[in-house]
Amino acid sequence: MGVSTGPVIAGNVGGGGRATYTVYGEAVNLASRLEALNKEQGTSILVSGTTTEGSKESNLAKVGQVNVRGVSGPVDIYTLA
């Protein structure tokens, strides 16, 4: 699982009986990239630094910083301790 916080655009996309509900945005893309990084990091949940800023959760351990495609600058990543 990858968790990231930020603005998104959500809504129904498509038509003709093929409409789906989806979300778009940098936060969604980052969450997807974090999910994929779990295998490399040996974790099952990765949380972005922006998410931890608004969290009171004390069970998070910093894994490090990673460069993520589509994001300018390194991203702090955390996992459940």
Side-chain angles (χ1 to χ4, degrees):
M1 177 183 295
V3 180
S4 181
T5 303
V8 298
I9 296 172
N12 290 317
V13 177
R18 295 186 54 151
T20 60
Y21 188 82
T22 192
V23 290
Y24 294 99
E26 186 175 318
V28 176
N29 294 339
L30 179 55
S32 176
R33 305 269 194 267
L34 292 177
E35 180 183 16
L37 279 172
N38 275 305
K39 192 172 196 176
E40 180 182 313
Q41 297 294 327
T43 56
S44 57
I45 298 173
L46 284 175
V47 180
S48 71
T50 56
T51 300
T52 63
E53 291 170 7
S55 171
K56 295 178 183 170
E57 179 63 48
S58 62
N59 266 357
L60 294 173
K62 188 170 183 177
V63 175
Q65 287 186 329
V66 293
N67 290 317
V68 179
R69 185 175 48 121
V71 177
S72 60
V75 175
D76 292 330
I77 56 173
Y78 296 80
T79 192
L80 296 176

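Just so we're clear, the structure is a prediction, and the values are computed from it rather than from any experiment.
Closest approach of Val28 and Tyr24 over heavy atoms only: CG2-C, 4.0 Å. Across all their heavy atoms, Ser4 and Ala31 have their closest contact at CB-N, 3.9 Å.
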When the side chains of residues 37-48 are checked against the rest of the protein, which donor-acceptor pairs come out under 3.5 Å, sequence neighbours left out?
| residue | atom | partner | partner atom | Å |
| --- | --- | --- | --- | --- |
| Asn38 | OD1 | Thr43 | OG1 | 2.5 |
| Asn38 | OD1 | Ile45 | N | 3.3 |
| Asn38 | ND2 | Met1 | O | 3.0 |
| Asn38 | ND2 | Glu35 | O | 3.3 |
| Ser48 | OG | Thr50 | OG1 | 3.0 |
| Ser48 | OG | Thr51 | N | 3.4 |
| Ser48 | OG | Thr51 | OG1 | 3.1 |

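Here OG1 of Thr5 is found 9.5 Å from CG of Leu30. Values are rounded to the nearest 0.5 Å.
Among residue pairs with one or both ends in residues 63-81, those qualifying as salt bridge (Lys or Arg N to Asp or Glu O under 4.0 Å) are Lys62-Asp76; sequence neighbours excluded.
Counting heavy atoms from C-beta on, the side chains of Leu80 and Leu60 come closer than 4.5 Å.
Residues Tyr78 and Val66 do not share a hydrophobic cluster, defined by chaining ILVMFWY side chains whose heavy atoms lie under 4.5 Å apart. In this structure, Val3 is not a member of the same hydrophobic cluster as Leu34, with clusters built from ILVMFWY side-chain heavy atoms closer than 4.5 Å.
When hydrophobic residues (I, L, V, M, F, W, Y) are linked wherever their side-chain heavy atoms come within less than 4.5 Å, Tyr21 remains an isolated member.
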